Amino acid sequence: MENLLEIRHLQKRFPVKAGPLKRTVAQVHAVEDVSFSIGQGETFGLVGESGCGKTTIGKLILQLQRADSGEILYRGENLNALPKQALQRRRREIQMVFQDPYGSLNPKMRVRTILSEGIRKHRLLPREEIPARVAELLNLVGLHEGDGEKYPHEFSGGQRQRVVVARALSFSPRLIVCDEPVSALDVSVQAQVLNLLADLQERLGVSYLFIAHGMAAVKHISKRVGVMYLGKLVEAAPTESLFQNFAHPYTQALLSSVPEADPLCRKEQIILEGEVPSPISPPGGCRFHPRCRYACPRCRTEEPQPQAWQEDHWVACHFPAVFRTGESAPAQ
Ligand code: SF4
């Protein structure tokens with residue numbers, strides 16, 4: 001499969017300023033040496049706790065923030081190095097769906113205005129063709145033509161997220177960054193929105209970067225999954241391989257919190273001890289070691305490098321799948 005997007009060694013740090021002169025006194029290590037790719041028409045799920053850097057990656061791809069170093073290759077062109085005009089053209093092909101559909105829609109605008117705004121601004125269609133395109137967009141996301149006359153507050157949460165998806169589609173994007181798109185919705189509505197995204201992908205061939213903090217939604221929609229912890233990718237694999245043969249203790253902990261439908265298959269839920277360490281001074285060695293039940297002296301001093309675990313499946317841990325060996329944890 002041809003890559004639509006390739007992220008190489010992406011890094012982003014935010015300065016922490018203090019004092020009357022606002023001097024930089026520290027840095028937040030938000031994204032450190034992250035690499036992954038997304039194929040044409042593919043969904044890559046990015047999962048991890050709040051503050052692990054996954055939303056920052058979405059913003060870097062959208063160029064809402066600039067990376068310190070690394071490459072964001074979109075259709076072979078490095079977005080970080082494109083001149084402004086070329087970047088604006090490419091940016092239209094990459095859209096975002098936010099977590100809070102209500103907050104991302106102007107409450108004073110009718111939906112038809114919301115959906116036609118971008119088309120008009122960027123002159124994507126002749127003026128007389130816009131109403132038909134708006135009707136088509138509403139239809140694509142399962143709303144009625146007449147819904148274009150309504151305001152955002154007249155919709156349910158799930159319907160509002162459909163409007164947000166329709167607005168993203170109005171630019172005919174190739175890639176949509178979905179930042180926790182179902183987290184704010186009722187559980188009963190989440191599956192409907194996920195099914196809509198999957199259906200649109202099949203019909204339009206659009207790719208998704210699907211950002212979430214829970215594994216269940218990611219499993220539902222992703223072809224491949226990357227697990228992030230404190231600014232770093234710690235494991236990445238095709239979805240089935242990750243869910244069946246996960247090898248990183250952090251992935252194990254995340255997966256242990258996914259509820260099983262069958263009560264006979266209940267597994268032990270792993271509660272991670274302690275808070276996520278501060279990204280201002282991340283722990284040395286393996287960043288996960290203060291919370292890892294298998295940590296040994298080597299983990300505290302030596303940073304684990306990504307290593308192949310299975311086909312197209314890698315993990316950054318000194319003792320991959322240590323929890324499956326049946327042996328005790330390495331010596332403390
Ligand atoms: Fe745990 Fe060590 Fe693996 Fe890090 S490298 S996840 S501390 S076992």
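When reading the values below, keep in mind they use all heavy atoms of this one structure, side chains included, and skip hydrogens, waters and symmetry mates. Each ligand, and each atom within it, is numbered from 1 in the order the structure gives. In this chain, residues are counted from 1 in sequence order. All figures in this text were calculated on a predicted structure; none of them were measured in a lab.
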Note to self: Checking contacts here: is it the side chain or the backbone of H248 that comes within 4.0 Å of ligand 1, counting heavy atoms only? Could be both or neither.
What the structure shows: side chain

Per-atom contacts, ligand 1 versus [X] - under 4.0 Å to a heavy atom:
X	result
H289	7 (S)
C286	4 (Fe), 5 (S), 6 (S), 7 (S)
F319	8 (S)

Notebook entry, point to check: Is the distance from atom 2 (Fe) of ligand 1 to the nearest N/O/S atom of C292 under 2.8 Å?
Noted result: no

Note to self: When you measure from the centre of the six-membered ring of Y151, is the NZ or CZ of K108 closer than 6.0 Å and no more than 45° off the axis?
What the structure shows: no

Check: Looking at F246, is R324 sitting on its ring face, NZ or CZ under 6.0 Å from the six-membered ring centre and within 45 degrees of the normal?
Finding: yes

Check: Any N/O/S atom, backbone or side chain, of C317 lying under 2.8 Å from atom 3 (Fe) of ligand 1?
Finding: yes

Next item on the list: Please determine which of E49, R291, E235 meets the side chain to side chain donor-acceptor pair (under 3.5 Å) test together with Y229.
Entry: R291

Check: Between G205 and Q40, which heavy-atom pair has the shortest distance, and what is it?
Finding: O-NE2, 4.1 Å

Next item on the list: List the atom of H313, the atom of A237, and the distance in Å for their closest heavy-atom pair.
Entry: CG-CB, 3.3 Å

